[in-house]
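Per chain, numbering begins at 1; letters A, B, ... match sequence-line order.
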Amino acid sequence: MHQKNQIPDPPPATADGGGGDGNGAELDNVVKMVSENPVMVIGTRGCCMCHVVQKLLQGLGVNPPVYEVDEVDEAAVAAELSRKVVGGGGDDGGRVQFPAVFVGGKLFGGLERLMATHISGELVPILKDAGALWL
Amino acid sequence: MDSPSSQFISSRRMGVYDPIHQISMWEENFKSNDNNLSVSTSIIEEGDMKLANQIQSEDASHGIFGTSVNYDQGANKLTDKTQRRLAQNREAARKSRLKKKAYVQQLEACRLKLMQLELEVDHAKQQGLYVGDGLGSNNFGFAGSVNPGITIFKMEHEHWVEEQNRQILELRTALSSHMDDIQFGTLVQGIMNHYSKLFSLKSAAAKSDVFYVMSGMWKTTAERFFLWIGGFRPSELLKVLVPLIEPLTEQQRFDAYGLEKSCQQAEDALSQGMEKLQQMLADSVGPGQLVEGTYIPQMDTAMERLEALVSFVNQADHLRQETLRQMSRILTVRQSGRFLLALMEYFQRLRALSKLWVNRPRELA
């Protein structure tokens, strides 16, 4: 797994060094990043929807780190996140689907939820609460 | 099924009384049960012996036709006439059903094809295309062949528009009347649900042919001019419609403007995603090298990329739906009604404009 470097649109994001030699280390790394960042995006490599998520958040002034997962690792990462972050039976009632947005260390949802909350005006306050946005 | 053979046995028994009828029955059976031909000979012989016994031991068949059927599968208690009759009926009914089924299936296929062709012709005429040389059919993504999913969509969309025209009239009446808010709310909700229906129709059509939906092929020319990912651009629509529903409160105007801005941001994100998809697609098709079939893997990749288009259509429609919902939250019930009426009339006018455009007098070369 590799991590994508941010294209310097607005201020460049903090790209943590990712990658390792074993799956276990990388999975731990992902979970760590989720808990350490106010907003984080995890998506499959080459997925355009992940790009949409990123651009939407950047447009709001948030520049979240984006972790790209190879297709082959997708299931493993999703399972790990479901266990450690969502807690097995998250209110989604299911597995993590990519692209996934994490706010304040918790699973927020996918692109659809992001759009819906943005349109209803709820997203920006949530981001501010999580410390991802300042006035 | 034993009916053909039992038919033979009974017919043989009857042979003494009605040879002509028996022969015609045999003929009928030969036609429909060719494979029973070899069997029938032995059965006829068997029937001869049984016939001899029957004449001696049985009463003449009378009274059976009038009474209820006493059908015992094991013993041959039922008289010959009735048995034969029943078997004949069964056979005839079965054949009739099969014929009908085949006919209906054929009809359905022709009907679909005809509808597809009619719609294509209509559509092409609407766009002012020359119809009849088959070139127009390329617009529909399936050179020559019928895509049932799209045909169904076209049909359902026509009905959808008819229903919407009806809703426009209903809404106009309601607005000029003093309908109470609850009733009005139901009307508004009905229109919102109708839009939901359109989005699910589009979603199904996108699975059939995403390019058809992306290109807005079912829309008229003027509507397609404003096309963005297979439909209207929410922020643009708000810009046009919000001034039409004044008077609004300060707060409402503020909220509507905020919504417009949010739409714009969401649209930009989706547009950038589309650009990325285009770039990725070009990258996978571009360097294709035609070396003894090695270009195929790249085509596979390209195909996968195209699947992502379906998601874009769905996300864009989701955005449109949420925009409508948010407007209904910002506005009062009656204002929502005015907003939806303005929206529906806007598209109605675009369609009228398209027709005018197509039918405008043109100079012949």
Side-chain angles (χ1 to χ4, degrees), chain A residues 4-10 13 39 41-64 66 68-72 74 97-101 103 108-128 132-133 135, chain B residues 199 203 229 234-235 237-238 251-252 254-284 300-302 304-330:
Chain A
K4 179 181 157 183
N5 287 321
Q6 302 303 316
I7 299 162
D9 248 49
V39 180
V41 178
I42 303 183
T44 321
R45 181 182 314 287
C47 172
C48 294
M49 286 308 171
C50 187
H51 193 75
V52 175
V53 167
Q54 188 191 7
K55 288 299 167 192
L56 181 58
L57 290 168
Q58 280 176 352
L60 300 178
V62 182
N63 214 347
V66 178
E68 280 194 333
V69 173
D70 282 321
E71 240 178 281
V72 288
E74 204 179 308
Q97 283 187 320
F98 297 132
V101 181
V103 177
F108 181 75
L111 177 59
E112 222 167 90
R113 175 128 199 262
L114 203 67
M115 291 267 197
T117 46
H118 182 49
I119 292 303
S120 66
E122 294 164 324
L123 183 60
V124 168
I126 290 174
L127 291 174
K128 282 188 182 160
L133 264 181
L135 197 61
Chain B
F199 297 135
S203 185
I229 310 188
S235 63
L237 209 63
L238 289 175
Q251 183 63 44
Q252 283 177 327
F254 179 76
D255 288 340
Y257 176 69
L259 176 59
E260 199 185 301
K261 201 156 155 267
S262 301
C263 286
Q264 208 140 41
Q265 286 163 331
E267 287 160 21
D268 284 345
L270 280 171
S271 294
Q272 288 183 73
M274 283 287 286
E275 275 169 28
K276 174 151 196 236
L277 182 62
Q278 279 177 337
Q279 184 202 319
M280 279 166 42
L281 190 61
D283 283 348
S284 52
D300 275 350
T301 316
E304 273 169 33
R305 304 265 186 254
L306 289 181
E307 293 296 331
L309 272 176
V310 179
S311 305
F312 274 98
V313 170
N314 290 333
Q315 290 300 330
D317 278 347
H318 174 68
L319 179 62
R320 291 170 187 123
Q321 174 121 67
E322 287 304 311
T323 306
L324 292 178
R325 280 206 189 115
Q326 182 65 6
M327 274 307 276
S328 71
R329 281 182 217 126
I330 293 172

Chain A heavy atoms under 4.5 Å from Arg329(B): which part of the residue, side chain, backbone, both or neither? side chain
Specify which of His318(B), Glu275(B), Gln265(B) makes the most heavy-atom pairs with chain A at under 4.5 Å. His318(B)
Is the shortest side-chain heavy-atom distance between Met280(B) and Cys48(A) below 4.5 Å? yes
I want to check something: taking the side chain as every heavy atom from C-beta on, are Ile119(A) and Cys263(B) in contact at a cut-off of under 4.5 Å? yes
Among Leu270(B), Leu259(B), Asp268(B), single out the residue with the greatest number of heavy-atom pairs under 4.5 Å to chain A. Leu270(B)
Side chains of Arg45(A) and Val69(A), heavy atoms from C-beta outward: is any pair under 4.5 Å? no
Taking the six-membered ring of Phe199(B) as reference, does the cationic atom of Arg320(B) (NZ for Lys, CZ for Arg) lie under 6.0 Å from its centre and within 45° of its axis? no
